[in-house]
Amino acid sequence: MPDVMDIILRAPEPGDVDAMYLLENDPALWNDGVTFAPLSRKQLWDYVDTYDGNIFATGQLRLVIETVTDGRFAGVIDLYDFDRINRRAYVGITVIKSMRGHGVGAAALRWLCQYAAEMLDMNQLAAVVREDNRPSVRLFESNGFTVTGRFPAWIKRGDDWVDAVHMQRSLKSR
């Protein structure tokens, strides 16, 4: 299982556009996010070209997950809906299919939690996860997140609606 030292989180670069294009345009992943239309390479290029990693200015932070051993693009992890006053944000993570189940997501989430606590002085992180997405629920649970709420019929999948859970982790001891 990769450890925090086996991956790095870094800002998106122009060389990531093709990998991000494949990830963002995978319809199998659209049920877990808010994307429901394809993105063009130009849209992603413009995003990377104008990327501002200052979460205090933009309210979001996207980081690329890269393996240390071979410099491979392994996915992305985001902080979004950042509340600068209460120092909390939501987390989204997507790992490319070939890297799933190898601890990459867990290492990235551990790294992000540590970064959010120490560098951004954040108080809490949260995530909304499809209840039937057991690997994601386990990923967050293994990183100290607990279910704090349930959203019945929250996410549309085809003609059906699936439940989601709200998960939180405190980064500061009370």
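Numbering of residues begins at 1 and proceeds along the displayed sequence.
Salt bridge annotation for R72-E66: absent, with no cationic side-chain nitrogen under 4.0 angstrom from a carboxylate oxygen. The pair D16-R10 counts as a salt bridge, with a side-chain nitrogen and a carboxylate oxygen less than 4.0 angstrom apart. The pair R87-D83 does not meet the salt-bridge criterion, since no charged nitrogen lies less than 4.0 angstrom from a carboxylate oxygen.
The shortest heavy-atom contact between I65 and A108 is CD1-CB, 3.7 Å. When all heavy atoms are compared, the tightest approach of M122 to K172 is O-CE, 3.2 Å. Taking both residues in full, the closest heavy atoms of D163 and A153 are given as OD1-N, 2.7 Å, listed atom of the first, atom of the second, then distance. Minimum interatomic distance between D46 and T50 (heavy atoms only, all atoms of both residues): O-OG1, 2.8 Å. Closest of all the heavy-atom pairs between N86 and N123 is O-CB, 3.8 Å. The two residues V129 and S136 have their closest heavy-atom pair at CG1-CB, 3.6 Å.
Within the model, atoms CG of L171 and CZ of R88 stand 12.5 Å from one another, a figure rounded to the nearest 0.5 Å. With rounding to the nearest 0.5 angstrom, the SG atom of C113 is 11.5 Å from the CD atom of Q124. The CG atom of D6 sits 14.5 Å away from the CH2 atom of W111 when rounded to the nearest 0.5 Å. Summarising the geometry, atom CG belonging to L120 is positioned 7.0 Å from atom CG belonging to L61; distances are rounded to the nearest 0.5 Å. Taken to the nearest 0.5 Å, the CZ atom of R110 stands 8.5 Å off from the CD1 atom of I7. Residue R138 holds its CZ atom at 9.0 Å from CG of N133, rounded to the nearest 0.5 Å.
Looking only at side-chain heavy atoms (C-beta outward), Y90 and L79 stay at 4.5 Å or farther from each other. Using a 4.5 Å cut-off on side-chain heavy atoms (C-beta onward), M20 and V48 make contact. Inter-residue side-chain proximity for M99 and T67 is flagged as met; some heavy-atom pair is nearer than 4.5 Å. Side-chain contact check for V91 versus Y80: every heavy-atom pair is 4.5 Å or farther apart. No side-chain heavy atom of L63 sits less than 4.5 Å from a side-chain heavy atom of V76.
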**Request:** Please assess F82 against F56 for the test ring pair (Phe, Tyr, Trp, His ring centres under 6.0 Å), listing each intermediate value before the final yes or no.
**Result:** CA-CA 8 Å; F82 175 61; F56 292 94; 5.2 Å; yes

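With hydrogens and angles ignored, the 3.5 Å screen pairs a side-chain donor or acceptor of R169 with a backbone N or O of N143. A distance-only check finds no donor-acceptor pair linking the side chain of E24 to the backbone of Y21 [under 3.5 Å]. Between the D52 side chain and the N54 main chain, a donor and an acceptor come within less than 3.5 Å of each other. Under the 3.5 Å distance criterion, the side-chain polar atoms of R41 are left unmatched by any main-chain donor or acceptor of D18. In this structure, the side chain of D81 does not engage the main chain of A89 through any donor-acceptor pair within 3.5 Å.
In terms of hydrophobic clustering, with Ile, Leu, Val, Met, Phe, Trp and Tyr side chains grouped at heavy-atom distances under 4.5 Å, Y51 and L23 are assigned to a common cluster. Cluster membership for L39 and V64, using ILVMFWY side-chain heavy atoms within less than 4.5 angstrom, is shared. At a threshold of 4.5 Å between side-chain heavy atoms, the hydrophobic network of Ile, Leu, Val, Met, Phe, Trp and Tyr places W161 and I155 in two separate groups.
If you check the side chains of T148 and Q168, you find a donor sitting under 3.5 Å from an acceptor.
Partners of D132 according to the salt bridge (charged side-chain N to carboxylate O under 4.0 Å, His left out) rule, which considers only residues two or more places apart in sequence or in another chain, are R130, R157. Listed by chain and number, the residues in a ring-ring contact (aromatic ring centres under 6.0 Å, His included) with W154 are F151 (sequence neighbours excluded).
Between H166 and F145, the ring centre distance reaches or exceeds 6.0 Å.
The only member of L139, L125, V137 that meets side chain to side chain contact (heavy atoms under 4.5 Å, CB included) when paired with M167 is V137.
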